[in-house]
Each structure stands twice: as C-alpha cells, then as structure tokens.
Amino acid sequence: VTSVEIAGVTVEPGTRRNVSPTVSEAYTGDRTTLPMTVVNGVEDGPRLFVTAAIHGDELNGTAACGQLLELIDAEEMRGVLIVVPIANVLGAQVHSRYLPDRRDLNRSFPGTTSGSMASRLARLLMDQVVRGSDVGIDLHTAANRRTNAPQVRVDIADRRATELAMKFGAPFVLHGPPRPGSLRQVAGVEGVPVLTYEAGEILRFEDGAIETAVTGCERIMAELDMIDDAPDAGDVLYMATSRWMRAERGGLLSLHVHAGDRVEEGQELWTTLGALGAERATVVAQDNGIVIGATTLPLVSPGDAVVHLGMLDGGDPFEDDPSEEEHGS
Ligand SMILES: [Zn+2]
C-alpha cells in the first residue's frame, strides 16, 4: 500500500487530507486556493476524481461532493478518491459560470502554466487531478434559466465511459460528443474516461439532483471495487439523440410538462399566451420522448429553446450509430 502525493502534500494510506494549492491571487495579494480533499484507501486500487462547479454557478455538484465525503471512510476504501467541490473557485466567488476574465473553464483544457487565468486553472486541474486518475466524474447543472432532469452525458464511441455511464444509475444517459477544450474531451484524449453529470438549475441546492449525484458516485466507486456496496439504481434509459423544441411565437409561457416527464407524439408541451391572456400557440411533441431539460423563464420569444426532448430511439448504447443535435454542457 502506497502513499499518494497531490500538489506537494503526502496522503498516507487509510487517511484523508485537505489540499489547497494556490491558483491565483486577489487584488489584495492574498492567495486564492483550489481546495480539494484526497482520500487514500487502505489497499491499492484505482484513482477516481470528482469535480463540481467547473461552471462556477452550478452548485448541486458542490453539495454532492460534501455528502459523498461524509459517506466515504479511508479505512474502508481501496484506491484514491480526489474530490474538488468548487473547481472554478474564481467564478463561484461572484456566482458566475465564467472566470473573471470571462473565459469558460470547461473550454480551456488542457491549459498552460503561462496562459490566461482560466488556462492556468485548467492546467492545475490537469496536472494535480486528472493525470494519474483512472476515471473522472464531472458534476454540472443546466445553464442559466434552464433545468435538466438528472442525466449522464457520454460519448458512446468510448466503450468504457459508456459502461460506467450506465452503471452511474441516473435515470437517463444521453450520447453527446464532448466539446473541444472541455475537461471530458481532454481527459478522454489522455485515456481518462470522464462522465458528465447534469441535473437541476444553477445557484440552487436541489435534493433530488444532489442525491442522484452522490449515489451515482458511490455506484461508480463500487463498480471500480473501491468500496463494497452502493445503493441500487433504478432503470436507466439511454437516448442517442435529442432536440430542442423552440418557440415560434412570443409571449407568456405556460409549460405543460416538467423535466423528467415522458411524453407521447401529439402531447401538448406548452402554450404561449399574449400578455392579456389570449392563446397564441400550443406546441405538441412530434415524437415520443423524454423531457430531459426545459426553460425556467416564463417569457418566450421566437427562437427561444423551451423544451429539450430526448428521443426514445436509443436502443442499445453498445450498438448504436450516434448522431447529435445540441447539447450544452
Ligand atoms: Zn456546466
């Protein structure tokens, strides 16, 4: 059994330590740190990392990280768990998805030590967390003014990642090739499969989204034989494609469905009303599907994305020929 060293800190077998490497400096000159917890088990095994709030306003994963760490005991674990609850510490400070330099951390990987603020933070995460890990889980929510049903995004061209995505046990798995410069894409190129979990809204702690994240991480740890047991998962539905349904008429939005709902072809999804209450349009589903995401803003203009429908044509993720329209992680 071996000790591990992360950011210059040695973590002995059967113990956990908090590690806070310097990532930037405030205008006052104070150190800005990237807090993480490293749990080293009592037997050798895989190294798993869990990151949250790479988009600094996506906080469900941050709460999940805290709950996961309460459940995990170094003395009953194998391998190494690295948990980074607030990866974008600089954005989270100002409740922002982006860094103060207006860059998106999840488009800045692998980063450089001499680049922009985002690039430096990405590089630190690559060097200290991603490289040397066997698997990663990256926790997100929907973007501003949207909500997502709990789901894992994975590129089904990556068999190992797809197997793990199904084991995670969120109700939905969605095929999506990773965005260039994202943690998932760059880690994947370096041979570290990363699952992107999406659930709920920005700037909230939502119990269901958090619980599914925590139990999903436990199930991955059990799958990797890092822990003995994890809660059973419910059914996992795989979807190969998805489509945003957009408004054609402007007005006040009356949504008839919620994230997570199953809808049938012809079912009414939403009604757009004029400001004085007159019905302007009612939009119906053109296929059977799952509402995997929806707007939370009750005002719509033509072109606004209102309902994100996952298509129930997925079949078997290990046999499909993937194609994809629009994803936002
Ligand atoms: Zn995100």
Side-chain angles (χ1 to χ4, degrees), residues 34 36 49-66 68 83-111 117-119 121-122 125-126 129-130 136-155 161 165 168 170 172-188 193-206 208-210 212-214 216-217 242 244 259 292-297 305 308 310 324-329:
L34 178 65
M36 60 185 83
F49 73 80
V50 181
T51 47
I54 261 190
H55 293 130
D57 55 0
E58 300 182 357
L59 304 178
N60 280 326
T62 301
C65 285
L68 177 66
V83 178
V84 187
I86 310 173
N88 181 357
V89 282
L90 292 150
Q93 195 74 35
V94 288
H95 312 156
S96 172
R97 175 183 182 88
Y98 304 104
L99 282 118
D101 66 3
R102 304 205 284 182
R103 284 183 168 84
D104 185 332
L105 179 57
N106 211 26
R107 303 289 181 271
S108 301
F109 287 88
M117 188 186 267
S119 180
L121 178 49
L125 286 161
M126 283 304 295
V129 177
V130 177
I137 301 171
D138 189 29
L139 304 173
H140 289 254
T141 76
N144 190 20
R145 294 174 180 161
R146 289 179 181 171
T147 188
N148 279 336
Q151 61 197 262
V152 174
R153 306 270 175 93
V154 70
D155 184 349
F168 188 92
F172 310 114
V173 169
L174 200 63
H175 168 65
R179 298 283 178 92
S182 67
L183 172 62
R184 176 156 68 100
Q185 187 254 330
V186 173
V194 173
L195 309 181
T196 302
Y197 172 78
E198 291 265 356
E201 303 177 38
I202 61 165
L203 299 175
R204 295 186 63 195
F205 284 165
E206 296 167 281
I210 294 164
T212 304
V214 174
C217 290
S242 67
W244 273 101
I292 56 172
T295 184
T296 57
L297 186 70
H308 193 187
E324 184 245 9
E325 287 187 25
E326 184 182 349
H327 296 142
S329 61

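Computed from a predicted model, the values in this text were never measured in an experiment. Keep in mind that the numbers below use all heavy atoms, side chains included, and drop hydrogens, waters and symmetry copies. Atoms within each ligand, like the ligands themselves, are counted from 1 in listed order. Positions are given from 1, in the same order as the sequence printed here.
For H55, the N, O or S atom with the smallest separation from the Zn ion (ligand 1) is ND1. Closest to the Zn ion (ligand 1) among the N, O or S atoms of H140 is ND1.
Considering all non-hydrogen atoms of both residues, A64 and L139 come closest at CB-CD1, 4.2 Å. Nearest heavy atoms, V152 versus A165: CG1-CB, 3.7 Å. Of all heavy-atom pairs between Q151 and A149, the closest is NE2-O, 2.8 Å.
The Zn ion (ligand 1) has an N, O or S atom of E58 closer than 2.8 Å.
The aromatic rings of H55 and H140 sit perpendicular to each other, their planes meeting at more than 60°, with 30° as the lower class boundary.
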